[in-house]
Chemist: 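Structure below; questions to follow.
Proteins come first, then strands; the chains are lettered A, B, ... in the order of their sequence lines, and each starts at number 1. Just so it is clear, the structure is predicted and the values come from calculations on it, not from any experiment.
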Number of protein chains: 2
Amino acid sequence: MQIQTPPSIPPIEARDRLVAAALDQFTRNGYAATSVRELCEAAGVSKPVLYYYFKSKEGLYLEIMNGIGQLFDQRVAELSSINGSVRQRLLHFFTGMFDGASDNLPVVKLAYMIYFGPPQGAPFVDFNRFFDQMLKIVDSLIVEGIELGEILQCDRKALVWTLVGSFQTIQEEQICRNEARIGHDGLVAVINLILNGVDPNASHVECTRSCKI
Amino acid sequence: MQIQTPPSIPPIEARDRLVAAALDQFTRNGYAATSVRELCEAAGVSKPVLYYYFKSKEGLYLEIMNGIGQLFDQRVAELSSINGSVRQRLLHFFTGMFDGASDNLPVVKLAYMIYFGPPQGAPFVDFNRFFDQMLKIVDSLIVEGIELGEILQCDRKALVWTLVGSFQTIQEEQICRNEARIGHDGLVAVINLILNGVDPNASHVECTRSCKI
DNA sequence: AAGTATACCTACCGATAGGTAGGTTGCTGC
DNA sequence: GCAGCAACCTACCTATCGGTAGGTATACTT
């Protein structure tokens with residue numbers, strides 16, 4: 001069988017090389033600005049091979065979208081099964097999502113590009129469900145925290161958006177900067193600062209304010 | 001002069017119609033997936049007219065990018081000239097940026113698309129300066145707040161990222177959802193929740209915690 | 001040995017891309 | 001009145017697009 005593998009490409013299957021090339025090229029250039037010719041050159045195959053495995057450019061794109069969805073679902077499942085205080089579970093959830101994203105930066109970068117960017121003629125993929133699911137999980141944990149007296153009665157919606165919003169922007173910093181100015185440790189500091197602000201046992205967390213009673 | 005203006009387009013100059021069409025089409029479809037033909041059809045002119053005014057597709061794109069930069073700079077200047085407490089100035093700054101963005105959603109949407117998306121063959125435009133400038137302004141205000149005793153000594157970097165991160169995600173919600181689940185009032189609630197958490201005079205803002213001294 | 005399936009190939013298709021050549025019309029200034 | 005300019009036009013250019021037709025080579029099954 002003729003295998004026209006350029007020496008620099010490891011001997012993986014043509015199909016996998018196409019997926020890898022597509023992830024890379026779609027992240028770098030976007031859907032519309034990435035040609036089938038470029039994808040096949042990067043994968044070291046001819047164009048009919050792409051059509052043989054994926055039926056179309058769009059088919060290859062959807063293959064990658066399905067992969068992203070599965071990655072996210074798997075990660076969320078992994079992070080929903082620890083015990084501890086609500087604060088511990090919130091920290092575990094956020095840092096787990098953050099580290100998972102940092103280990104898959106190209107995939108996450110593509111997901112953000114699609115979330116914020118225009119379709120570019122690509123088939124529609126609704127990434128809102130990722131964000132929505134995060135809001136839901138964090139809200140559940142906050143409800144539990146309030147019920148257990150770990151979190152002050154406060155504007156729950158504001159607290160959810162503060163936590164998820166901070167997380168989101170720190171994650172975005174990893175994607176949009178070559179050298180991120182804040183990372184895992186900064187995320188932990190942010191989550192702690194927020195939760196310290198709504199902690200009923202404030203003296204427990206180094207309250208420096210002089211309380212007026 | 002032959003003006004082939006479709007009846008639905010108000011009689012504004014061809015150049016302005018091209019800019020408006022380009023903003024709309026680049027936001028909807030992205031740079032690469034928007035053809036010169038589509039732009040000219042939307043503007044009601046023939047292709048040479050675009051080349052007459054902007055020299056190229058790229059030239060039209062850069063015209064819009066310059067406009068975005070100027071809008072942002074003007075807005076920041078407007079919001080930097082009020083008096084009041086640090087909290088009042090922070091609220092004014094964030095709500096002013098938010099309302100300014102809400103009044104120019106297509107422009108902000110395009111800016112986000114470019115910030116998160118790939119170049120798509122478009123000339124590079126560095127939108128980091130917008131985000132960087134926000135970080136800087138908020139950090140200055142927090143430094144002042146700590147000096148004035150309005151804000152507790154705390155992890156300043158964490159506080160900056162919490163405030164700007166929450167703002168950013170709430171603004172992103174306006175862009176990515178047809179019906180945003182949080183808006184101006186939610187933003188105010190979030191900023192207040194964060195600042196309440198680092199307020200030295202906690203009882204002043206309805207502290208419900210029982211302090212242990 | 002022959003037929004079938006898989007995994008690839010080259011050559012080519014019609015359509016559209018970004019862009020230009022060469023032109024027309026109306027207005028303005030001299 | 002005419003030259004020059006601004007603001008537009010049609011017709012056309014080359015290059016590349018997404019995709020297919022028709023094929024080859026190898027391995028496997030009968």
Chemist: What is the separation between atom CD on A/E58 and atom P on D/dC17, rounded to the nearest whole Å?
Modeler: 18 Å
Chemist: Where each residue is assigned the nucleotide of DNA chain C containing its nearest heavy atom, which of B/R37 and A/V49 is assigned the position nearer the 5′ end?
Modeler: A/V49
Chemist: Less than 4.5 Å apart, side chain to side chain, heavy atoms only: is that true for B/V45 and B/L50?
Modeler: no
Chemist: I'd like to know if B/R181 and A/D132 make a salt bridge, using a cut-off of under 4.0 Å between side-chain N and carboxylate O.
Modeler: yes
Chemist: Nearest-Å distance, CG (A/L39) to C1' (D/dT16)?
Modeler: 15 Å
Chemist: Just the rounded figure in Å: distance from C1' of D/dA7 to CZ of B/R15.
Modeler: 13 Å
Chemist: Any Lys/Arg nitrogen of B/D199 or B/R87 sitting under 4.0 Å from an Asp/Glu carboxylate oxygen of the other?
Modeler: yes
Chemist: Separation of B/L18 atom CG from D/dC8 atom C1', in whole Å?
Modeler: 12 Å
Chemist: Rounded to whole angstrom units, what separation is found between the CD atom of A/E38 and the P atom of D/dT16?
Modeler: 11 Å
Chemist: Need to verify one output field. Residue with the more 5' nearest nucleotide on DNA chain D, A/P48 or A/S35?
Modeler: A/S35
Chemist: Whole-Å distance between D/dC17 C1' and A/Y31 OH?
Modeler: 12 Å
Chemist: Which whole-number value in Å describes the distance from B/E41 CD to C/dT16 C1'?
Modeler: 12 Å
Chemist: Between B/E58 and B/Y31, is there a side-chain donor-acceptor contact under 3.5 Å, judged purely by atom types and distance?
Modeler: no
Chemist: Tell me whether the side-chain N/O atoms of A/Y51 come closer than 4.0 Å to OP1 or OP2 in D/dG19.
Modeler: yes
Chemist: Who pairs with A/F167 by ring-ring contact (aromatic ring centres under 6.0 Å, His included), at least two apart in sequence or on another chain?
Modeler: A/F94
Chemist: A/Y53 side chain N/O closer than 4.0 Å to the phosphate oxygens (OP1, OP2) of C/dC8?
Modeler: yes
Chemist: Give the rounded distance in Å between these two atoms: CZ of A/F54 and P of C/dA7.
Modeler: 12 Å
Chemist: Of the nucleotides C/dC8, D/dT10, D/dG18, which has the atom closest to the A/K57 side chain?
Modeler: D/dG18
Chemist: Counting only distance, no hydrogens or angles, is the base of D/dG19 paired donor-acceptor with the side chain of A/K47 under 3.5 Å?
Modeler: yes
